> 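Have a look at the structure that comes next, please.
Note that this is a predicted model, so its numbers are computed, not measured.
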Amino acid sequence: MFALVDCNNFYASCEEVFNPALEKTPLVISSNNDGCIIARSKKAKEIGIKMGDPAFLYKERVERGEIRMLSSNFTLYADMSRRVMQTLESFAPRMEIYSIDEAFFELEEQPDKRLREEAINLRQKVKKWTGIPISIGIGPTKTIAKTANKLAKKQADMGGVSLLISKTQIRTQLEKTAPDEIWGIGHALAERLKSKGIYTAAQLIDCDDSFIQKLLGTPGYRTVLELRGTPCFSCSGEAEKRKSIVCSRSFKQPISNALDLEMAIASFVSRAAEKLRQQKSHAKFLSVFIATSPFTQPYDSRSCRIAPPNSTAFTPELIRLAKERLRQIYRPQLAYKKAGVLLSDFCDEKTEQMDWITPSTENPKKNSLMQTIDQINRRYDKNAVQFAAEGLVNHLMGAQAQASLRFTTSWNELLKVT
DNA sequence: TCTGGGGTCCTAGGACCC
DNA sequence: TCTGGGGTCCTAGGACCC
């Protein structure tokens, strides 16, 4: 049996924990550049604000005080997530953290009544210990647990807990569920299904196996098996290492100047490499990409992939390579709105594969330099020490004008009670 | 005027091999 | 005149997720 725990309106709930007055007004959280809406409170959802809507659509209503808008505060959300996950973990050891606000559990088979009681109990503890409301869905596979969770959120009278266990319970629910509401079936596949006359999840699971595989591919077929009650996904337990690391941003103003672009790329590389070292990996590839706005013509997006001679996590080398290749894809007449870097194809920092010809660039001094910089930045502030190539790029990025304080991670920003 | 950021997995097609 | 069959590896792009 699987359970899915999902925090309700997570970012909005984090803000409300430290400022309960926010609960009175519909609350939305805006993206990095204060560009679009990435989270909404219950009230904001009720008045029809959509996920991903551009923020300017609501500017007037925000000014009139009908809607409250805050810039995203990921430092706060990440720390609140850690607290919720720790609380959950103390109740069920076989847990997989699936996203910042979701976790799966593998449960022992037990009577439905007991499952429900335990879920209700867990829900109360998380609310009491962290202030965050959660919903819990339980079912024989992860995909059914996901469906149960949606049901729990929709129907308030079920107390935030929903079980889909028996064949008839599951069947009845799937008859009421459109394919694109199923975890693993998105917009494109739902359209494909519609064109074949399939409008409910129940119709989908009745289809012939080879038909499904051909129409939806292997991932879609697995989803259908899961809906029929055959588990295809288990709980991975240990937190797995990332297979790729991206750092990218949209700019406040489009950039045409090569130097500004270089500094931005250098700072993205620096961030990404720091994450890479955190998980004790080295990367074999570094990609750099730059793009103009997709909302104005002509749209231009270019990228290039670079293989350092040996896999590495040494920021200065990665910055040097990135800057070199950036020059080749950059076109001075264009106005770039977004840029980023991607690190990929990782190996363990200790078991690095050398090639026969290139001399090893391994140098203990480089490692200790990186370690020292990371330690200083962890201890003091993110940018206490940075590379000269990064310049002063903050003015290129979004303002984050309306962000709340880092209540739980910064001594200077503790909540004041008066 | 103004439209996010960070991930995973799979597949088709090209280049290459014998 | 007639022009095979079976592989591997890589990559870009598409699909999905939050």
Side-chain angles (χ1 to χ4, degrees), chain A residues 4-7 9-11 28-40 49-60 62-63 69 71-74 77-78 81 96-104 142-143 146 149-150 179-193 213-223 226 232-233 236 239-254 268 271-272 275-276 279 284-285 287 289 291-296 299 301-305 307 337-346 397-401:
Chain A
L4 173 67
V5 171
D6 191 326
C7 299
N9 319 314
F10 183 57
Y11 298 167
V28 297
I29 313 298
S30 60
S31 65
N32 222 298
N33 244 335
D34 291 336
C36 67
I37 307 298
I38 58 165
R40 305 151 295 156
I49 299 177
K50 296 269 175 313
M51 183 72 169
D53 272 354
F56 66 79
L57 290 180
Y58 302 106
K59 201 178 165 215
E60 282 179 16
V62 170
E63 277 165 8
M69 188 180 306
S71 308
S72 43
N73 180 348
F74 285 106
Y77 310 150
S81 171
E96 174 194 343
I97 297 174
Y98 176 67
S99 74
I100 193 164
D101 71 332
E102 279 172 87
F104 282 105
K142 280 183 161 182
T143 306
K146 266 272 186 187
N149 189 288
K150 276 202 177 178
D180 60 355
E181 291 178 68
I182 297 294
W183 183 51
I185 298 179
H187 177 255
L189 296 187
E191 286 302 309
R192 257 183 242 173
L193 289 171
Q213 206 152 14
K214 207 165 173 200
L215 197 67
L216 305 183
T218 307
Y221 180 55
R222 281 187 199 135
T223 295
E226 284 245 319
C232 297
F233 312 118
S236 56
E240 274 160 35
K241 288 186 177 182
R242 301 252 161 274
K243 295 175 180 172
S244 64
I245 293 171
V246 172
C247 184
S248 71
R249 289 287 178 280
S250 296
F251 304 123
K252 195 165 50 175
Q253 300 291 335
F268 301 151
R271 273 286 153 70
K275 283 193 199 169
L276 184 66
Q279 66 164 37
K284 294 185 185 149
F285 294 103
S287 305
F289 58 91
T292 62
S293 168
F295 302 101
T296 53
Y299 175 59
S301 162
R302 283 170 211 272
S303 66
C304 64
R305 195 158 177 257
K337 190 72 173 104
K338 183 173 179 169
V341 304
L342 169 89
L343 297 173
S344 57
D345 211 335
F346 301 156
M397 314 295 175
Q400 294 285 287

> Compare side-chain N and O positions of A:Arg305 against OP1 and OP2 of C:dA12 and report whether any pair is under 4.0 Å apart.
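No, no such contact exists.
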
> Just the rounded figure in Å: distance from C1' of B:dG5 to CE of A:Met397.
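From A:Met397 CE to B:dG5 C1': 13 Å.
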
> Hey, does A:Phe233 have a side-chain heavy atom less than 4.5 Å from the side chain of A:Thr143?
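Of all side-chain heavy-atom pairs linking A:Phe233 with A:Thr143, at least one is under 4.5 Å.
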
> Check the phosphate of B:dT8 against A:Ser244, side-chain N and O only, distance under 4.0 Å to OP1 or OP2. Yes or no?
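For B:dT8, OP1 or OP2 has a side-chain N or O of A:Ser244 closer than 4.0 Å.
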
> With sequence neighbours excluded, what pairs up with A:Arg192 under the salt bridge (Lys or Arg N to Asp or Glu O under 4.0 Å) test?
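Applying salt bridge (Lys or Arg N to Asp or Glu O under 4.0 Å) to A:Arg192 gives none.
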
> Within the pair A:Ser250 and B:dG4, is there a side-chain N or O less than 4.0 Å away from OP1 or OP2?
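Indeed, a polar side-chain atom of A:Ser250 lies that close.
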
> Can you say whether the rings of A:Tyr77 and A:Tyr11 are parallel (under 30°), tilted (30 to 60°) or perpendicular (over 60°)?
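The rings of A:Tyr77 and A:Tyr11 lie parallel, inter-plane angle below 30°.
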
> Among B:dG7, B:dT3, B:dC9, which nucleotide has an atom closest to any side-chain atom of A:Val246?
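Within the option list, the nearest is B:dG7.
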
> Would you indicate, yes or no, if B:dC2 has its OP1 or OP2 atom less than 4.0 angstrom from a side-chain nitrogen or oxygen of A:Lys337?
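Result: no.
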
> For A:Tyr11 and A:Lys275, take the nucleotide of DNA chain B holding the closest heavy atom to each; which residue's nucleotide lies nearer the 5' end?
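Result: A:Tyr11.
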
> To the nearest angstrom, how far is A:Phe289 atom CZ from B:dG4 atom C1'?
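About 12 Å, once rounded to whole Å.
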
> When both hydrogen-bonding distances must be under 3.5 Å and the geometry is Watson-Crick or G-U wobble, what is B:dC18 paired with, if anything?
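Per the H-bond distance test, C:dG5.
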
> Does A:Ile245 reach a base, just sugar-phosphate, or nothing at all? Heavy atoms under 4.0 Å.
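Here A:Ile245 touches the backbone only, sparing every base.
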
> Is it true that the side chains of A:Asn33 and A:Ser250 contain a donor and an acceptor less than 3.5 Å apart?
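No.
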
> Starting the side chain at C-beta, find the nucleotide from B:dT8, B:dC10, B:dG4 nearest to A:Cys36.
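Within the option list, the nearest is B:dG4.
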
> Whole angstrom is fine here: how far is it from CG in A:Leu342 over to C1' in B:dT8?
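So the CG-C1' distance, A:Leu342 to B:dT8, works out to 12 Å.
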
> Side chains of A:Phe346 and A:Lys243, heavy atoms from C-beta outward: is any pair under 4.5 Å?
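SC-SC contact between A:Phe346 and A:Lys243 ruled out.
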
> Report yes if a side-chain nitrogen or oxygen of A:Arg249 is closer than 4.0 Å to either non-bridging phosphate oxygen (OP1 or OP2) of B:dG6; otherwise report no.
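So the side chain of A:Arg249 is within the cut-off, an N or O lying under 4.0 Å from OP1 or OP2 of B:dG6.
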
> How close or far is atom P of B:dG4 from atom CE of A:Met51, stated in whole angstroms?
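Those two atoms, CE and P, are 12 Å apart.
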
> Round to the nearest Å and state the distance from A:Gln253 atom CD to B:dT3 atom C1'.
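That distance rounds to 15 Å.
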
> On DNA chain B, compare the nucleotides closest to A:Ser248 and A:Glu240; which residue's is nearer the 5' end?
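The residue mapped nearer the 5' terminus is A:Ser248.
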
> Rounded to the nearest angstrom, tell me the gap between atom NZ in A:Lys214 and atom C1' in B:dC10.
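Interatomic distance, NZ of A:Lys214 to C1' of B:dC10: 18 Å.
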
> Grab the CG-P distance between A:Leu276 and B:dG6 for me, whole Å please.
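Value for this atom pair: 15 Å.
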
> Going by heavy atoms in the side chains, are A:Ser303 and A:Ser287 under 4.5 Å from each other?
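A side-chain contact under 4.5 Å is absent here.
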
> Distance check needed: B:dC2 P versus A:Glu60 CD, whole Å only.
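For the pair A:Glu60 CD and B:dC2 P, the rounded distance is 17 Å.
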
> What string of B, S and - do you get for nucleotides 13-18 of chain C, 5' to 3', if B is base contact, S is sugar-phosphate-only contact and - is no contact with any protein heavy atom under 4.0 Å?
--SSSS

> Under the 5.5 Å and 30° test, is A:Phe295 stacked on the base of B:dT3?
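Here the ring of A:Phe295 and the base of B:dT3 are stacked, with centres under 5.5 Å and planes under 30°.
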
> Can you figure out which of B:dG5, B:dG7, B:dC10 approaches the side chain of A:Arg242 most closely?
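Looking only at side-chain atoms, A:Arg242 lies closest to B:dG7.
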
> Indicate yes or no for a side-chain donor-acceptor contact from A:Lys338 to the backbone of A:Thr292 under 3.5 Å, with no hydrogens or angles considered.
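The answer is no, because no donor-acceptor pair under 3.5 Å joins these two groups.
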
> Do A:Glu226 and A:Thr223 have side-chain atoms, one donor and one acceptor, less than 3.5 Å apart?
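Short answer, no.
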
